[in-house]
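Here is the structure we will look at.
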Amino acid sequence: MEVTASSRHYVDRLFDPDPQKVLQGVIDMKNAVIGNNKQKANLIVLGAVPRLLYLLQQETSSTELKTECAVVLGSLAMGTENNVKSLLDCHIIPALLQGLLSPDLKFIEACLRCLRTIFTSPVTPEELLYTDATVIPHLMALLSRSRYTQEYICQIFSHCCKGPDHQTILFNHGAVQNIAHLLTSASYKVRMQALKCFSVLAFENPQVSMTLVNVLVDGELLPQIFVKMLQRDKPIEMQLTSAKCLTYMCRAGAIRTDDNCIVLKTLPCLVRMCSKERLLEERVEGAETLAYLIEPDVELQRIASITDHLIAMLADYFKYPSSVSAITDIKRLDHDLKHAHELRQAAFKLYASLGANDEDIRKKIIETENMMDRIVTGLSESSVKVRLAAVRCLHSLSRSVQLRTSFQDHAVWKPLMKVLQNAPDEILVVASSMLCNLLLEFSPSKEPILESGAVELLCGLTQSENPALRVNGIWALMNMAFQAEQKIKADILRSLSTEQLFRLLSDSDLNVLMKTLGLLRNLLSTRPHIDKIMSTHGKQIMQAVTLILEGEHNIEVKEQTLCILANIADGTTAKELIMTNDDILQKIKYYMGHSHVKLQLAAMFCISNLIWNEEEGSQERQDKLRDMGIVDILHKLSQSPDSNLCDKAKMALQQYLA
């Protein structure tokens with residue numbers, strides 16, 4: 001109550017009829033709230049904000065009063081996120097933006113400082129900067145007024161530039177030209193905020209990046225200025241942000257990956273940021289930026305992997321903070337304990353990028369102390385971001401054939417199956433893709449995965465709304481069915497159901513269709529399996545094959561479908577399903593005469609399997625096909641310029657002569 005009473009006294013003075021007393025009241029309020037969050041909250045509750053905003057916008061208020069009001073509002077915004085929400089609810093942003101039209105520089109700076117504080121708060125929607133189209137050009141014009149306007153405006157831009165739409169607006173209003181010369185400002189803060197602006201403008205933006213490469217500042221090209229800013233004698237924040245600018249320009253295609261400024265400057269600078277000496281957030285940002293830089297380029301991955309023992313250095317990311325940590329600052333230790341998971345996430349990301357292409361690097365990573373245990377632990381961490389990074393890391397390493405054995409030793413599939421139970425889509429996509437690799441025939445994890453309910457889980461994925469998940473679900477089933485025993489194939493068909501199989505065969509996503517055909521082809525391999533499956537599902541499968549051969553599909557789809565027919569033709573009893581279906585026989589005949597060799601070959605396989613001599617009933621089948629004119633086509637094809645096709649036709653004709 002006491003506090004509220006004293007706070008009320010401050011608010012009451014804002015309503016005094018004497019302007020001089022109002023000014024003194026605002027100044028006293030300013031001194032009372034500095035560093036005092038309780039006092040700030042009280043004043044907000046007591047309604048100080050609408051009154052301060054009224055005074056700030058009142059034409060009769062003196063410039064000094066308006067400026068002091070902006071300063072107090074800025075101080076209130078410095079408090080908690082709830083304070084910022086209260087200010088936003090009172091429409092503070094339009095009032096402050098209006099204030100920027102004043103001729104008085106001190107007042108403009110106070111408004112900008114307050115806007116900077118509000119826009120850098122996570123609760124403020126960036127869109128509020130772009131609602132009124134006149135704001136951005138006006139801010140560009142104010143950049144030349146003072147070093148404070150430069151610092152605050154650049155800070156506002158770098159915080160409010162989220163995504164390509166914002167980048168385009170700022171770019172079109174001359175952000176590059178207006179901000180470039182600030183990189184040589186006498187003020188460190190201005191240089192730093194300008195640099196941050198360029199990093200957000202260039203991120204994943206080829207248009208901005210291509211422009212930046214050619215910008216001259218005092219006769220020097222921008223990339224050269226960035227390189228100077230990442231030298232060891234510069235503050236760490238500056239080194240890191242310059243490295244980000246160059247990284248983003250490189251990833252956007254404006255700088256080559258083999259350019260010296262990347263290989264000899266940017267990459268080593270980012271590796272330096274990963275060392276033990278750096279602060280937690282510097283190590284996180286360094287590793288994540290480096291992961292992004294090298295992700296698509298195997299040469300950079302190789303260079304990074306042998307720079308400053310990076311692979312071993314990243315192992316320290318998992319031991320932090322250690323019990324004998326050198327952190328004497330207790331506040332720092334508390335902060336770092338809360339954020340240690342960010343280090344683990346960054347390390348997993350960088351390991352994933354390092355091991356994306358090169359087998360030797362993957363081997364080095366796997367051999368790093370306790371690496372597999374760390375990944376297994378990461379898969380079950382509470383933080384979604386760490387789990388996602390761990391799955392990505394595992395996925396990157398699972399591309400290696402040799403390494404799948406160490407996955408077996410560590411039973412990696414157990415936590416992986418657990419991750420797949422109820423994860424957000426982005427984790428599911430990577431984890432299911434990883435499962436595809438573990439389910440390949442030569443993977444030792446295949447058996448235990450099957451025993452842990454993978455079939456049902458994958459069949460469930462094929463019903464997802466997300467096409468990437470449908471593809472991975474069906475792809476993993478396809479790998480599972482490859483050279484599998486009859487029981488597994490029966491399980492797959494039972495769990496998937498023929499209805500779902502048909503839905504997938506008419507899926508709008510080409511990848512889903514191709515993988516479903518691949519699954520069918522793998523299910524229909526080896527004679528006893530072919531006969532067994534066709535005896536229970538023959539009618540539906542023949543229907544599906546007919547539909548696809550009649551539909552508007554590309555060569556690859558039709559080729560896969562004809563290969564499935566060739567497999568059916570290889571069955572003992574299954575053959576009859578083709579021989580008694582004149583429609584299908586006519587289709588095979590049509591594709592033997594098709595203009596595309598791939599399709600002719602696939603159709604030829606069907607015929608060869610149907611007329612093979614040693615098999616029962618071959619004579620009747622040969623006669624029926626001769627009557628259809630197949631032999632004439634074979635004679636024609638035996639003259640084909642394509643040697644493969646020619647040989648296959650001659651072999652088929654020999655069956656007739658034998």
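- Among pairs with a residue in residues 176-200, those fulfilling salt bridge (charged side-chain N to carboxylate O under 4.0 Å, His left out) read Lys196-Glu237, at least two apart in sequence or across chains.
- Shown here are the side chain to side chain contact (heavy atoms under 4.5 Å, CB included) partners of Pro296, two or more places apart in sequence or in another chain: Arg251.
- For residues 381-398, the salt bridge (charged side-chain N to carboxylate O under 4.0 Å, His left out) pairs, not counting sequence neighbours, are Arg344-Glu381.
- The side chain to side chain contact (heavy atoms under 4.5 Å, CB included) test applied to Asn370 returns Asp373, Arg374, not counting sequence neighbours.
- Within the structure, the ring-ring contact (aromatic ring centres under 6.0 Å, His included) test picks out the following pairs touching residues 171-218 (sequence neighbours left out): Phe203-Tyr248, Phe203-Tyr292.
- Partners of His166 according to the ring pair (Phe, Tyr, Trp, His ring centres under 6.0 Å) rule, which considers only residues two or more places apart in sequence or in another chain, are Tyr130.
- Screening residues 225-235 for side chain to side chain donor-acceptor pair (under 3.5 Å), with sequence neighbours left out, gives Glu220-Lys228.
- Residue pairs meeting the ring-ring contact (aromatic ring centres under 6.0 Å, His included) criterion with at least one partner in residues 450-480, sequence neighbours excluded, are absent.
- For Phe348, the ring pair (Phe, Tyr, Trp, His ring centres under 6.0 Å) test picks out Phe318, with sequence neighbours left out.
- In this view, Glu456 and Ser495 satisfy the side chain to side chain contact (heavy atoms under 4.5 Å, CB included) rule, not counting sequence neighbours.
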Give every donor-acceptor pair under 3.5 Å between a side-chain atom in residues 208-218 and any protein atom, sequence neighbours left out.
residue	atom	partner	partner atom	Å
Ser209	OG	Ala202	O	3.3
Ser209	OG	Asn205	O	3.0
Thr211	OG1	Gln207	O	2.8
Asn214	ND2	Met210	O	3.4

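- Remark: Glu556 pairs with Met514, Asn554, Lys598 by the side chain to side chain contact (heavy atoms under 4.5 Å, CB included) rule, at least two apart or across chains.
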